[in-house]
Each structure stands twice: as C-alpha cells, then as structure tokens.
Amino acid sequence: MNDLIGESRALHYEEPLLWEHEQSDGSGVDLPAPQNTPLRTGQGAREALGLPQLKEPQVLRHFVRLSTKNFSIDHGFFPLGSCTMKHNPRLNEKMARLSGFAGIHPLQPACTVPGALEVMYQLQNWLGELTGLRGVCLTPAAGAHGELAGLMTIRRAHEQNGQGHRKVILCPDSAHGTNPATAAMCGYDLRVIPTKENGCVSLDAFREALGDGHDVAGMMVTNPNTCGLFERDIAACAELLHAAGGYFYCDGANFNALVGRVRPADFGVDVMHINLHKTFSTPHGGGGPGSGPICVAESLRPYLPVPCVVKTEAGYKLETREDRPDSFGRLKGFQGQFGMFVRALTYMLSHGADGLRQVSGDAVLNANYILAKLREDYDAPFGDRTCMHEALLTDKIQKESGVTTLDIAKTLIEYGMHPMTIYFPLVVNGAMLIEPTETEGKETLDRFIAVMQKIAADVRAGEGEIFHAMPQSAPRRRLDEVKAARNPVLRCSC
Ligand SMILES: *Cc1c(COP(=O)(O)O)cnc(C)c1O
C-alpha cells in the first residue's frame, strides 16, 4: 500500500514544495513565444525564471492543502491565554461584505461615504461608553500599535504642559512583553514594579517604584493582569500616580473579562487600548488584521493621533491636523482597519449592552469552571482566589515525575486541541495560561478537562515517559523550536 500513497493519507497531508511536484511535461498555461520584442532596458535577455512546470489542478490543490495546515478557532478548541481566541460570528462577516462597506476606497472623498464615517463614529461612541474614556481614536492597527499610540499621546500631553522631563514609565514584572517594549520604543526608561507572591501589584511596591514621582510619565498595567487576576489595589495606585502628575495607561487586551461590567475610567485609567480582535471578536492570527483603537480621558483628547471622526453640522468628518493642532500627528495611513470596525460594531449591536455584560460573565465563569475542575490535579498558584477570564496552572506537581509544561502542551496537540499559552507570565514557573473564552460550550470544556485530568493521572501512575514524545500523530513531532527561531531557513534550495 505504501507505494500507492501519494500526497495524502487518510486526509493527512504531506505537502511538498511546488518544485518537488514538478513534472517536465506539465504546464498550467500556454503562451505564444514573444515575437519581435526588442529589449528596451539595455540589459541582456533574462534567463528562464525557473518556475515549476505544473498543471493548474496541481497548483490549485497545493494551495488549498496549504490553506488547511493552519490550526484555527474554526478547527477546534484554542485556549491560548491572553489571546482571547473567541469565535468570530459569521454575521460580522456578512456585514463587512456588504458592497457599500467592502467596495469603498480610502481615498474616496468623505462626502461619498457618510455611512462608513457614521459606523466609525458609532464605534467610537460604544468604546467611549464601555470604557468611560470619551476620547477615541480608531486608527492603530494592533494592540501593540495602540500601546504606542497611547504612550505617544501621553508624551505629547506632558510636552505640551511643560512636563517633558518626565522620562520614566512604571510597569509590573508580570506585564505582557509589548508593554516594556513600547515604553522603550517611545524613548522612556522603564522602572519595574515587582509583584507580590499573590500575583498582584501591592500598594507598597507601587509607592516605592513611584518615589516622589517627579520623573514619572505614567504607568502601564494590564488589568486583569497576566496571572488572570483583578488588581485589587489598582484604584489606590492610580490615585497616587495622579497626585504625582503621571498618567495611567491600562493595557486593555484583557477587556474581555470586564466588558459591560466595569468602566476602566472608574478605577483611574487615563488611556487604554482595545483589541477589537480579542474582546470584540474580529478575526486574528492568520485570519485578519488586528485593530487596536485607543480610548483616553477628556484631558488627553486634544493630543490623540489624527484622524478621529467628528460630527459637525455638515455631517460626519475625518479630522485633520488643522482641526486639532495639539495632536501628536498621524500614526497610520488612512483611517485604520475599516473592515474590522464594521465587524466590531456588528458584534456590539448584535449583543446589545446586556449581551456584552453576559460575555464577560460567561468568560469568567468558563475559566473558573476549568480552574475548579483542575485545581486538584495541577498546581494552581493563585487557586485560592476566583480568577478572571484566564485560569493559571503550573507543572509543579508533574515536574517531580519529569513531565513539564511543554510536554503537556504538546500532548494537547495529539488530542486535537491548540495548546494553552505556556511559560507566560514569566513570573510564574512552568506557567500554563488557559483562556477558554465565553464562546466555548460545556462539552468542549469538559473534554479539555478530561484530557488534562488523564495526563495528570498517567503521570501519577508512573507513565509520564510517553509525553516526552508527543505529539505522535502530527505530520511533524517535536521540532527544535529554538533552532527554528535562531536559524530559520527561508530559501528552498531547489
Ligand atoms: C495581545 C496582547 C497585546 C498585544 O496585542 P497585539 O494586537 O498582538 O499587538 C498586548 N498586551 C496583552 C496583555 C495582550 O494579551
């Protein structure tokens, strides 16, 4: 039988490069040889390009097979902590494909697209309402881009107010890597706030990092934080920070845990980015561009990047630099990822205020269900508290038998699930950060829990050895990931 197996076995593809498919007699198109075409570049004639000689169906199948190689939220359970891999409702897609949205061009005169501007204006309003931060700019193209936009807004505000000497950003050691990277990119010095054993920023540690605050531009904190916990002292920290003249930047990537229940402005936030591709269900990963609007307090609104959409007597309008001279300027071409604005607003309108409130409630419930069911089998460093939308476990118990977080993650692949986020947050050894999101049903959660319980039981029974060789059935097994990252081979040698 082996001789008969070509490029697929039981719908399990091995996909060679097109050049390896090549047959000398194949051709997708026949073009007549060019006649009497003198070279006008003054250079010699080009040699053959060396394109693979294949028939059209071969090329088509190659790309269709490749397109199925990526695991996605549409394939199966994807509990990647901090990434909020929730279902992308098809209604969003339907709305984004309406020709009045899909067919417009960013260079069209604004007077020909009032409906599109109204969508942006409404989305700004929803985000302003949900966060309590009324100045909204939709243009940033990702969460990290929103962070940059937010810190540049803060920097501009300080500069315009004679506070340009403030050069320090405070950031807890549990932060997402993009926070310190953004601060550095913005030219700030970083001062790290150590988190306590309970995974949160304490008022004492914050006070110490703040000092007299004369050089502090602001702090960047994720709430709920990357340990999946609500920062209990955050309002008090914000008060101290404000008294010292700093701004509170909240990394809003975890807004899925709060939406509809808490307005971040109420715990002292001045600036926050929103990941539309997390909380508001627009596709991400390979599926679509990110979108990271920022929301700011009224006092910072003048410094936001341009353009925001404003409503004038003559209708909706994209601002220019002249309209808002204190703006730090333009951050991105045109006006952001418009297709994502349509999807996010569709999501908001189809859920309504009460539905969005249920989103965060269900997200938190699902995570706590997993935490409660796995707390006995795995070490749960903060398991005495209810978590927010992410459950944090570690490999502390399994490691005594030589089975690590990496082994457990690789075993989930064998069971057809995407692994959780591993070894993050860095402040927790052997971390497994599990974010089920609200869109998974109980059957899926129960199957995940059963798999995790079986792994733990096998380790207890002294059968942990098998996990070092997982996954077994995937087209590739354990890869040398460090080598792949450090020494990528980006050219084929055909
Ligand atoms: C996802 C995430 C980001 C970055 O968002 P991108 O859109 O990937 O740039 C920043 N902070 C936290 C906590 C996140 O989870």
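Ligands are counted one by one from 1 in listed order, and the atoms in each one are counted from 1 as well.
The closest approach between any non-hydrogen atom of His277 and ligand 1 is below 4.0 Å.
Close contacts of ligand 1 with Ala142, meaning ligand atoms under 4.0 Å from a residue heavy atom, involve 7 (O), 9 (O). For ligand 1, the atoms sitting less than 4.0 Å from at least one non-hydrogen atom of Thr178 are 10 (C), 11 (N), numbered in the order shown with element in parentheses. For ligand 1, the atoms lying closer than 4.0 Å to a non-hydrogen atom of Glu147 are 10 (C), 11 (N). Close contacts between ligand 1 and Ala253 involve ligand atoms 2 (C), 11 (N), 12 (C), 13 (C), 14 (C), 15 (O) [criterion: under 4.0 Å to a heavy atom]. Heavy-atom proximity to Asn275, at under 4.0 Å, picks out these atoms of ligand 1: 1 (C), 5 (O), 6 (P), 7 (O).
Closest to atom 11 (N) of ligand 1 among all protein heavy atoms lies Asp251 OD2, 2.5 Å. For atom 2 (C) of ligand 1, the closest heavy atom belonging to the protein is Lys278 NZ, 2.4 Å. Considering only non-hydrogen protein atoms, atom 9 (O) of ligand 1 sits nearest to Ala144 N, 2.8 Å. Summary of contacts: the protein heavy atom closest to atom 6 (P) of ligand 1 is Gly143 N, 3.4 Å.
Of the residues Glu390, His284, His277, Lys278, the one that meets the side chain to side chain contact (heavy atoms under 4.5 Å, CB included) test with Thr84 is Lys278. Tested against Gln163 for a side-chain hydrogen bond (donor to acceptor under 3.5 Å, both in side chains), the candidates Arg166, Gln160, Glu159 yield a single pass: Arg166.
Residues in residues 84-107 take part in these salt bridge (charged side-chain N to carboxylate O under 4.0 Å, His left out) pairs, two or more places apart or across chains: Asp74-Arg90, Lys86-Glu438, Glu93-Arg97, Glu93-Arg343.
Centroid-to-centroid, the aromatic rings of Tyr316 and Tyr121 come within less than 6.0 Å. Two rings, from His242 and Tyr247, have their centers 6.0 Å or more apart.
Between Arg263 and Thr131, the side chains place no donor N or O within less than 3.5 Å of an acceptor N or O (distance only, hydrogens not considered). In summary, the side chains of Thr195 and Asp173 do present a donor paired with an acceptor at a separation below 3.5 Å, with no hydrogens or angles considered.
Proximity of a side-chain donor or acceptor of Ser202 to a complementary backbone N or O of Ala205 within less than 3.5 Å is detected.
At a 3.5 angstrom cut-off on N or O pairs, Asn179 does not count as close to ligand 1.
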